[in-house]
Enquirer: 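Submitted below is the structure of interest, expressed as C-alpha cells.
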Amino acid sequence: MQEKSNFFEKVYAVAKLIPFGRVTSYGAIAKYLGTPKSARMVGWAMNSAHGKPEIPAHRVVNRIGLLSGKNNFASPTLMEDLLKSEGLTILEDQIQNFKSHYWDPTEELHLD
DNA sequence: GCAGTGACGGATA
DNA sequence: GTATCCGCCACTG
C-alpha cells in the first residue's frame, strides 16, 4: 500500500525505536525527520498511532516533559501510569528529571 | 475548495 | 522573564 504520508511512517519508526525507560519530545522527532517546525504533525501522527500498540506514544511528550497528550489516551492516567511503570517519575502530569531520561533520536540514532 | 484546528516549538515583543 | 504570534503539514467541517 502506498503511504499517503511518509511523515507519519517516520514518526512511527522513531517512536518504536525509543528504548525502555526513555522519553523524547515531538520536536526531537520532527527534527530527526528534518522538519523541526512540524512538531505538531508528530503529535498528530501519534494520534493515528492509536491503532498501533507497538508505538509507545506515552514515551513521547512535549519539550518540557509535560504529558500534553495524556488526555488523548484511552485514559488520562494511562500515560503517566505507563511511564511510571518504566521507572520514571511523574508529578502533576510532568516527567521529573525528564532531561535525564530524554532520548534524542538525532543523537542516539547517529543521523547519517 | 476554503478555513479552522491540532498530543509543539521557536522567535519576537 | 513572561506573553503572544507565526510556522509546519495533515485532517475535518
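Within every chain, numbering begins at 1; the chains are lettered A, B, ... in the order of the sequence lines, protein sequences first and strands thereafter.
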Enquirer: NA contact type, A:T35, heavy-atom cut-off 4.0 Å: base, sugar-phosphate, or nothing?
Expert: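 Answer is nothing: A:T35 stays at 4.0 Å or more from every strand.
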Enquirer: For residues A:S25 and A:N62, report the shortest heavy-atom separation together with the two atoms involved.
Expert: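 In terms of heavy atoms, the two residues are closest at CB-O, 3.7 Å.
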Enquirer: Rounded to whole angstroms, how far apart are OH on A:Y12 and P on C:dA10?
Expert: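 In whole Å, C:dA10 P lies 12 Å from A:Y12 OH.
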Enquirer: Between the side chain of A:S75 and the main-chain N/O of A:L78, is any donor-acceptor distance below 3.5 Å?
Expert: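 Checked: no pair found.
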Enquirer: Can you name the nearest heavy-atom pair linking A:S48 to A:F8, along with the distance?
Expert: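 Here A:S48 and A:F8 meet closest at OG-CE2, 3.5 Å.
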Enquirer: Taking all atoms of both residues into account, what is the closest heavy-atom pair of A:Q94 and A:I64, and its distance?
Expert: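 Closest approach of A:Q94 to A:I64: NE2-O, 3.4 Å.
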Enquirer: A:V23 vs A:W103, test: side-chain contact (heavy atoms from CB on, under 4.5 Å). Steps then yes/no.
Expert: CA-CA 5 Å; A:V23 287; A:W103 180 81; over 6 Å; no
Enquirer: If you look at every strand shown and take non-hydrogen atoms under 4.0 Å, does A:N62 touch a base, only sugar-phosphate, or nothing?
Expert: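 The answer is sugar-phosphate, as A:N62 gets under 4.0 Å only of primed atoms, P, OP1 or OP2.
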Enquirer: Could you check how far CD1 of A:I29 sits from C1' of B:dA7, rounded to whole Å?
Expert: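 The answer, rounded to whole Å, is 11 Å.
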Enquirer: Counting any heavy atom closer than 4.0 Å, what does A:R40 reach on the DNA or RNA strands: base, sugar-phosphate only, or nothing?
Expert: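 The answer is base, as A:R40 lies within the cut-off (heavy atoms under 4.0 Å) of a base atom.
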Enquirer: Select base, sugar-phosphate, or nothing to describe what A:H58 touches, counting heavy atoms under 4.0 Å on all strands.
Expert: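 Result for A:H58 = nothing.
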Enquirer: Measure OH/A:Y26 against P/C:dA10 and give the value in whole Å, please.
Expert: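 Answer to the nearest Å: 19 Å.
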Enquirer: Are side-chain heavy atoms of A:N97 and A:T89 found at a separation under 4.5 Å?
Expert: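 When only atoms from C-beta onward are counted, A:T89 and A:N97 do not touch, as no gap falls below 4.5 Å.
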Enquirer: Can you measure A:M46 atom CE to B:dG6 atom C1' for me and round it to whole angstrom units?
Expert: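 That distance rounds to 15 Å.
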Enquirer: Would you give the length of the straight line joining atom CE of A:M79 to atom CG of A:N71, rounded to the nearest 0.5 angstrom?
Expert: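 Going from the CE atom of A:M79 to the CG atom of A:N71 covers 11.0 Å.
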Enquirer: Rounded off to whole Å, could you give me the OH-to-P distance for the A:Y102 and B:dC8 pair?
Expert: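 Computing the A:Y102:OH to B:dC8:P distance gives 15 Å.
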Enquirer: From the options B:dA7, B:dG9, C:dA10, select the nucleotide whose nearest atom is closest to the side chain of A:F8.
Expert: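 Selected nucleotide (nearest to the side chain): C:dA10.
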Enquirer: For the P atoms, the ones on B:dG4 and on C:dC6, what distance do you get once it is rounded to whole angstrom?
Expert: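 Here B:dG4 and C:dC6 have their P atoms 13 Å from each other.
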Enquirer: Please determine, for the side chain of A:K37, which listed nucleotide (C:dC8, B:dA7, B:dG9) has the closest atom?
Expert: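 Side chain of A:K37 sits closest to C:dC8.
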Enquirer: Take atom CD of A:E9 and atom C1' of C:dA10, then tell me their distance rounded to the nearest Å.
Expert: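 So the two atoms are 14 Å apart, to the nearest Å.
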Enquirer: Once you round it to whole Å, what is the distance between C1' of B:dA7 and CD1 of A:I55?
Expert: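 It is 14 Å, rounded to the nearest whole Å.
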Enquirer: Starting from P on C:dG7, measure out to CZ on A:F7 and report it in whole angstrom.
Expert: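 My rounded result for the distance is 18 Å.
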Enquirer: Could you check which residues of residues 88-95 of chain A get a heavy atom under 4.0 Å from DNA chain B? Sort them by number, please.
Expert: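 Going residue by residue through residues 88-95 of chain A, none turns out to have a heavy atom under 4.0 Å of DNA chain B.
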